[in-house]
Amino acid sequence: MSVPRLVLTVDVEEWFHVCGHPTYDVPERWETFPSRVACATDRVLGLLAKSSSRATFFVLGWIARRHPALVRRIAAAGHEIGCHGDLHRRAFTMTAEEFREDLKAARTSIEDACGAPVTAYRAPEWSLRSTASPHLTTLVEEGFRVDSSLLAVPPIGDIGNPLRPTVLTTTAGELLEVPPLVGTFFGQPAMLGGGWTARLSREARVTAAVEETLGRGDCPLLYLHPWEVDAEHPPMSLPPVARLIHFGGRGRVVPRLTRLLARHRSASLAEAFPAGARRGVAA
């Protein structure tokens with residue numbers, strides 16, 4: 001890696017893909033909910049096109065099977081396609097075999113849709129949890145080169161997780177871990193690269209963290225979901241805290257992202273970390 005780049009990632013999932021919710025986390029019910037992922041993702045594609053930016057789109061296998069044309073549009077626009085699992089299951093809840101089968105099912109569906117190999121992975125809800133996860137070895141065994149699933153923000157992830165791009169060594173080989181941008185929120189470790197803490201933080205704080213990371217030669221990684229930019233997001237029945245996490249600050253996402261991309265054209269993971277060029281990446 002030579003010149004540090006702003007890296008943007010998108011978790012391509014529906015508005016109802018909420019882990020652990022008794023109403024929404026039921027795959028058998030998903031077909032009964034209105035689909036919004038295609039139009040919302042198209043809005044993200046439009047924002048990126050205006051600044052000639054690129055991103056990595058982590059797609060659910062379930063989405064790829066139902067919206068293959070969407071996956072093809074993302075790839076045709078020059079973006080990298082990654083894997084977000086198959087049925088949006090938290091990785092730490094799965095056995096080794098369940099994780100492998102979920103991974104393989106997702107990759108098959110995504111590659112069938114986009115017609116290209118998929119070598120980058122992100123677990124739903126950053127759910128690999130720590131560098132001790134045995135699933136990291138499975139990723140290498142299945143041919144994945146890059147992971148972006150570890151968050152150094154308790155209780156979601158171990159406080160000792162990497163804060164910058166790091167090459168992890170597993171029993172099956174090396175895996176490049178690229179974590180999201182982390183800072184503080186009311187004095188506590190928090191995600192500034194995306195999610196509700198980023199949306200509710202002052203824009204100046206997030207921008208300063210991006211500039212500081214670029215200045216020290218690292219690549220700040222940001223992420224968003226298509227439903228965060230959907231002006232016609234369906235109503236949801238959520239408890240107060242979950243409602244804040246899902247809806248808080250959503251109206252800030254598009255204008256903030258537009259201003260940021262006007263200053264820094266974003267890159268995909270594949271562009272920022274090309275295979276065989278990991279100079280400057282921690283080991």
Side-chain angles (χ1 to χ4, degrees), residues 7-13 17 19 54-65 71 74-75 79-114 116-152 156-158 161-162 164-180 191 193-195 219 221-225 267-275 278 281:
V7 177
L8 184 65
T9 61
V10 183
D11 291 355
V12 184
E13 58 191 57
H17 285 136
C19 290
R54 296 290 181 266
T56 296
F57 286 72
F58 291 103
V59 180
L60 282 177
W62 188 87
I63 294 290
R65 289 190 291 277
V71 181
I74 296 170
H79 303 291
E80 179 184 19
I81 305 294
C83 176
H84 196 39
D86 198 56
L87 295 177
H88 206 258
R89 298 178 64 189
R90 291 175 176 138
F92 67 83
T93 68
M94 291 187 274
T95 66
E97 189 55 36
E98 287 172 338
F99 179 77
R100 191 183 300 274
E101 289 306 311
D102 182 90
L103 188 67
K104 291 168 70 173
R107 185 180 58 194
T108 296
S109 296
I110 298 165
E111 291 182 345
D112 284 349
C114 71
V118 172
T119 60
Y121 175 80
R122 173 173 292 153
E125 294 190 354
W126 313 96
S127 55
L128 288 187
R129 293 294 178 91
S130 82
T131 56
S133 172
H135 297 331
L136 291 166
T137 298
T138 302
L139 288 173
V140 178
E141 290 173 344
E142 292 298 327
F144 285 83
R145 184 182 69 85
V146 178
D147 177 64
S148 183
S149 304
L150 296 180
L151 177 62
I156 300 172
D158 190 279
N161 284 339
R164 62 182 302 264
T166 302
V167 176
L168 302 178
T169 301
T170 77
T171 56
E174 292 184 341
L175 182 70
L176 177 62
E177 181 66 35
V178 186
M191 172 109 67
C219 294
L221 184 144
L222 309 184
Y223 91 104
L224 73 152
H225 303 90
S268 66
L269 284 164
E271 290 174 316
F273 304 95
R278 295 180 180 175
V281 175

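- Judged by distance alone, the side chain of H225 and the main-chain N or O of D11 form no donor-acceptor pair under 3.5 Å.
- Once rounded to the nearest 0.5 Å, the distance linking OG1 of T138 with CG of L128 reads 9.5 Å.
- Between H135 and F99, the ring planes are parallel. Angles under 30° get that label, and only those over 60° would be called perpendicular.
- By the 4.5 Å heavy-atom criterion applied to side chains, L60 and L87 are not counted as neighbours.
- For the ring pair (Phe, Tyr, Trp, His ring centres under 6.0 Å) test, residues two or more places apart in sequence or in another chain that qualify with H88 are H17, H84.
- Between D158 and L150, every side-chain heavy-atom pair lies at or beyond the 4.5 Å cut-off.
- Within the model, atoms OH of Y223 and CE of M191 stand 4.0 Å from one another, a figure rounded to the nearest 0.5 Å.
- Between F273 atom CZ and C219 atom SG the span is 4.0 Å, to the nearest 0.5 Å.
- Counting heavy atoms from C-beta outward, E142 and Y121 have side chains that stay 4.5 Å or more apart.
- Under a 3.5 Å cut-off, the side chain of S127 and the backbone N or O of A91 do form a donor-acceptor pair.
- In this structure, E271 CD and E80 CD are separated by 8.5 Å, a value rounded to the nearest 0.5 Å.
- For A116, the side-chain contact (heavy atoms from CB on, under 4.5 Å) test picks out C114, with sequence neighbours left out.
- Side-chain atoms of R90 come within 3.5 Å of backbone atoms of C19 as a donor-acceptor pair (strictly under, hydrogens ignored).
- Minimum heavy-atom separation, W126 to S148: CZ3-O, 3.3 Å.
- At least one donor-acceptor pair closer than 3.5 Å links the side chain of E177 to the backbone N or O of S149.
- Here T56 contributes atom OG1 and L221 contributes atom CG; the two are 8.0 Å apart, rounded to the nearest 0.5 Å.
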(message) Checking V146 against T119 for the side-chain contact (heavy atoms from CB on, under 4.5 Å) test, could you report, in this order, the C-alpha distance in whole Å, the side-chain angles of both residues, the deciding distance, and whether it holds?
(response) CA-CA 6 Å; V146 178; T119 60; 5.9 Å; no

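- For the pair D102 (side chain) and G85 (backbone), a donor-acceptor distance under 3.5 Å is absent.
- When R107, K104, R100, R65 are each tested for a salt bridge (charged side-chain N to carboxylate O under 4.0 Å, His left out) with D86, only one passes: R65.
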(request) Carefully, step by step, assess V140 and T171 under the rule side-chain contact (heavy atoms from CB on, under 4.5 Å). (result) CA-CA 9 Å; V140 178; T171 56; over 6 Å; no

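- A distance of 9.0 Å separates CD in E111 from SG in C83, rounded to the nearest 0.5 Å.
- Minimum heavy-atom separation, P179 to P165: CD-N, 3.9 Å.
- Residues V118 and F144 come closest through the heavy atom pair O-CE2, 3.8 Å.
- Contact annotation: the side chain of L176 approaches that of V178 to within less than 4.5 Å [non-hydrogen atoms, C-beta and beyond].
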(message) Go through it in stages, so that I can follow the logic: the residues are S268 and R54, the test is side chain to side chain donor-acceptor pair (under 3.5 Å), and I'd like the CA-CA distance, side-chain angles, deciding distance and then a yes or no.
(response) CA-CA 5 Å; S268 66; R54 296 290 181 266; over 6 Å; no

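- Shown here for I63 and V12, the closest heavy-atom pair between the two residues is CG1-O, 3.7 Å.
- A64 pairs by the side-chain contact (heavy atoms from CB on, under 4.5 Å) definition with V59, V71, S109, I110, A113, not counting sequence neighbours.
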